[in-house]
Amino acid sequence: MDDFESFEVVYAFVRTVPAGKVVTYGQIAEEIATVRLTARMVGTAMRYAPVDVPWQRVVGAEGSLPIAKRSPEMYRVQRDLLEKEGVAFLSQDSPRVDMRRCQWHYLEPSQGNLFDE
DNA sequence: CCGCTGACTCGCG
DNA sequence: ACGCGAGCCAGCG
């Protein structure tokens with residue numbers, strides 16, 4: 001899988017996501033305007049991500065972990081990595097990241113301080 | 001060129 | 001809340 005030159009921009013983007021924060025597949029596809037991407041393609045890019053790319057910080061819409069359906073082992077790995085970096089999950093059984101606290105925004109989230117915490 | 005395949009997402013029952 | 005089907009589009013045989 002060395003033909004995915006366009007995936008480099010995706011990897012570069014993911015490398016900017018700080019530990020403890022996450023972004024979604026759709027968000028990446030949306031925020032990278034230099035190349036046309038779909039969430040599915042971002043998924044493929046993550047599957048073949050180089051070792052220096054924190055792939056675990058890319059999650060599904062609403063904080064889900066889409067890999068869970070295809071591979072329970074990978075789900076466990078991703079969840080462990082995220083919890084180790086301090087990412088909060090909504091509950092033990094529900095595999096959902098607390099997006100309100102952990103989603104990382106490349107652009108300004110908005111001008112208003114939302115609910116804060 | 002055609003058809004199938006996804007670390008996805010959204011809308012509907 | 002949850003499964004299902006449809007849309008998505010670059011790669012690959």
**Derivation of the side chain to side chain contact (heavy atoms under 4.5 Å, CB included) call for Phe89(A) and Leu82(A)** = CA-CA 9 Å; Phe89(A) 280 75; Leu82(A) 289 176; 4.0 Å; yes

**Message:** Under the side chain to side chain contact (heavy atoms under 4.5 Å, CB included) test against Val59(A), which residue among Val87(A), Ile67(A), Leu65(A) passes?
**Reply:** Leu65(A)

**Message:** Rounded to whole Å, please give me the gap between CD in Glu62(A) and P in dC10(B).
**Reply:**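 About 7 Å, once rounded to whole Å.
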
**Item:** Sugar-phosphate or base contact per nucleotide [nucleotides 4-9 of chain B; S, B, -; heavy atom under 4.0 Å]
**Value:** --BBBS

**Residues which pass side chain to side chain contact (heavy atoms under 4.5 Å, CB included) with Pro50(A), listed by chain and number, not counting sequence neighbours** =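 So Pro50(A) forms a side chain to side chain contact (heavy atoms under 4.5 Å, CB included) with Tyr11(A), Asp52(A), Val53(A).
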
**Request:** Determine whether more than 12 heavy atoms belonging to other residues, nucleotides or ligands lie under 6.0 Å from atom CD of Glu83(A).
**Result:** yes

**Message:** Quick check against the 3.5 Å criterion: does Glu85(A) have a side-chain atom that pairs as donor or acceptor with the backbone of Pro18(A)?
**Reply:** no

